Amino acid sequence: MRILVTNDDGIHAPGLRCLEEIARELSDDVWVVAPETDQSGVSHSLSLNDPLRLRQAGEKRYAVKGTPSDCIIMGIRHLLKDHGPDLVLSGVNRGQNVAEDVTYSGTIAGAMEATILGVKAIALSQAYGIGGRANVKWHTAAHHGAAVIRRILEVGIEPGILVNVNFPDCEPADVKGIAVAAQGVRNQALLSIDERVDGRGNPYFWLAFAKARFEPGHGTDLKAIADGCISITPLRLDLTDEPTLTRFAQAFA
């Protein structure tokens with residue numbers, strides 16, 4: 001099995017090294033094509049107004065000055081055009097990608113682009129908690145990752161579907177199990193703008209989430225992570241809402 005690995009945190013990210021280790025438990029033919037710099041939050045964007053710069057960073061390792069979607073296209077349509085990958089793994093992201101995160105995440109977008117190009121794809125993310133970004137438990141994803149991927153591949157991934165996997169913020173032995181979960185919904189009232197002033201008196205702004213207790217919905221990826229479980233959520237490329245499609249078709253008939 002030929003595996004193509006990417007991420008959105010960049011070629012030097014610890015989560016990428018973690019995913020390379022996971023991939024090598026599954027295959028000895030692992031290729032890495034990742035962004036040159038951090039591309040978190042770029043979603044499914046493409047570099048249409050700038051050239052893509054490709055740099056070899058090691059054996060079967062390449063960095064692209066572009067987005068995760070650019071990296072997947074570069075990998076599948078250029079570097080591996082004569083013998084494409086059988087599987088794309090994207091991540092391991094620093095921080096969970098659940099609920100509305102999937103619409104912003106470059107990690108999810110890398111898997112989505114692979115799915116568009118007809119390659120099975122799985123996105124993986126490692127949640128972190130009070131310890132923050134400096135204390136991410138990469139060893140939890142590393143310990144459970146290969147087994148979870150093997151099981152997903154055994155069950156099968158249908159065309160047009162990608163799989164979103166999130167590991168909870170706990171030690172590997174403390175993982176409570178695996179939950180196949182729906183995409184959750186956060187309390188968007190917690191989203192705010194943090195206004196500040198720089199040294200020259202000019203205002204600038206950060207997007208911020210207020211800290212507050214929030215009860216995630218039952219059966220969601222948010223609930224699974226909160227309960228210490230690995231969440232697995234299948235996502236569709238087809239965003240059509242069938243009930244509304246039917247209702248609109250009747251209304252405009």
Side-chain angles (χ1 to χ4, degrees), residues 1-13 15-20 22-24 26-95 97 101-125 145 149 152-153 156-165 233-240:
M1 180 169 58
R2 172 166 283 188
I3 300 176
L4 174 59
V5 173
T6 195
N7 74 345
D8 72 357
D9 289 326
I11 190 70
H12 301 297
L16 184 66
R17 293 195 295 271
C18 176
L19 189 53
E20 287 181 68
I22 293 171
R24 290 193 174 94
L26 303 167
S27 172
D28 59 1
D29 190 8
V30 176
W31 292 71
V32 176
V33 184
E36 188 75 70
T37 59
D38 190 338
Q39 298 290 306
S40 298
V42 302
S43 188
H44 202 168
S45 60
L46 297 172
S47 297
L48 300 179
N49 296 311
D50 297 296
L52 299 180
R53 306 290 184 181
L54 181 67
R55 177 177 67 86
Q56 186 159 6
E59 185 179 359
K60 296 183 180 181
R61 296 187 91 249
Y62 294 85
V64 175
K65 190 175 181 181
T67 69
S69 298
D70 295 333
C71 292
I72 292 300
I73 296 170
M74 181 67 77
I76 294 176
R77 289 287 190 253
H78 178 64
L79 291 169
L80 304 178
K81 63 181 179 180
D82 295 327
H83 177 190
D86 303 293
L87 175 68
V88 165
L89 300 177
S90 185
V92 174
N93 190 68
R94 177 162 35 203
N97 273 314
D101 297 343
V102 302
T103 65
Y104 304 117
S105 168
T107 299
I108 301 294
M112 187 175 291
E113 186 62 39
T115 304
I116 289 173
L117 296 178
V119 181
K120 292 181 175 63
I122 302 172
L124 303 99
S125 303
I149 293 168
I152 290 171
L153 295 178
I157 304 174
E158 293 296 318
I161 304 295
L162 57 139
V163 181
N164 184 27
V165 177
T233 303
L235 303 172
R236 296 173 59 96
L237 289 181
D238 183 355
L239 303 180
T240 306

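Computed from a predicted structure; not experimentally measured.
- When the salt bridge (Lys or Arg N to Asp or Glu O under 4.0 Å) test is applied to Arg236, the partners found at least two apart in sequence or on another chain are Asp238.
- Residue pairs meeting the salt bridge (Lys or Arg N to Asp or Glu O under 4.0 Å) criterion with at least one member in residues 62-81: none, sequence neighbours excluded.
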| request: Would you please test Ile116 and His44 for side chain to side chain contact (heavy atoms under 4.5 Å, CB included) and show each step? | output: CA-CA 12 Å; Ile116 289 173; His44 202 168; 3.5 Å; yes

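- Looking only at side-chain heavy atoms (C-beta outward), Ile122 and Leu124 come within less than 4.5 Å of each other.
- Taken to the nearest 0.5 Å, the CG atom of Leu87 stands 9.0 Å off from the OG atom of Ser27.
- Between the side chain of Asp86 and the main chain of Arg2, a donor-acceptor pair closer than 3.5 Å is present.
- In this structure Thr233 satisfies the side-chain hydrogen bond (donor to acceptor under 3.5 Å, both in side chains) test with no other residue, sequence neighbours excluded.
- Residue Arg61 holds its CZ atom at 4.0 Å from CD1 of Ile11, rounded to the nearest 0.5 Å.
- Distance check, rounded to the nearest 0.5 Å: CG of Leu80 to CE of Met74 gives 11.5 Å.
- Under 3.5 Å, the side chains of Glu113 and Thr115 contain no donor-acceptor pair of N or O atoms.
- With sequence neighbours left out, Ser45 forms a side chain to side chain contact (heavy atoms under 4.5 Å, CB included) with Val42, Thr67.
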Name every donor-acceptor pair, under 3.5 Å, that has one atom in a side chain of residues 48-59 and the other anywhere in the protein, sequence neighbours excluded.
residue	atom	partner	partner atom	Å
Arg55	NE	Glu36	OE1	3.1
Arg55	NE	Glu36	OE2	3.3
Arg55	NH2	Glu36	OE2	2.6
Gln56	NE2	Gly58	O	3.1

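- Rounding to the nearest 0.5 Å places CD1 of Ile3 at 7.0 Å from CD1 of Ile149.
- Between Leu26 atom CG and Met1 atom CE the span is 5.0 Å, to the nearest 0.5 Å.
- In terms of heavy atoms, Asn7 sits closest to Ala13 at ND2-CB, 3.7 Å.
- Shown are Leu16, Ile22, Thr107; of these, the side-chain contact (heavy atoms from CB on, under 4.5 Å) with Val92 is made only by Ile22.
- To the nearest 0.5 Å, atom CG of residue Asp8 and atom CG of residue Asn97 are 7.0 Å apart.
- With sequence neighbours excluded, no residue forms a side chain to side chain contact (heavy atoms under 4.5 Å, CB included) with Thr103.
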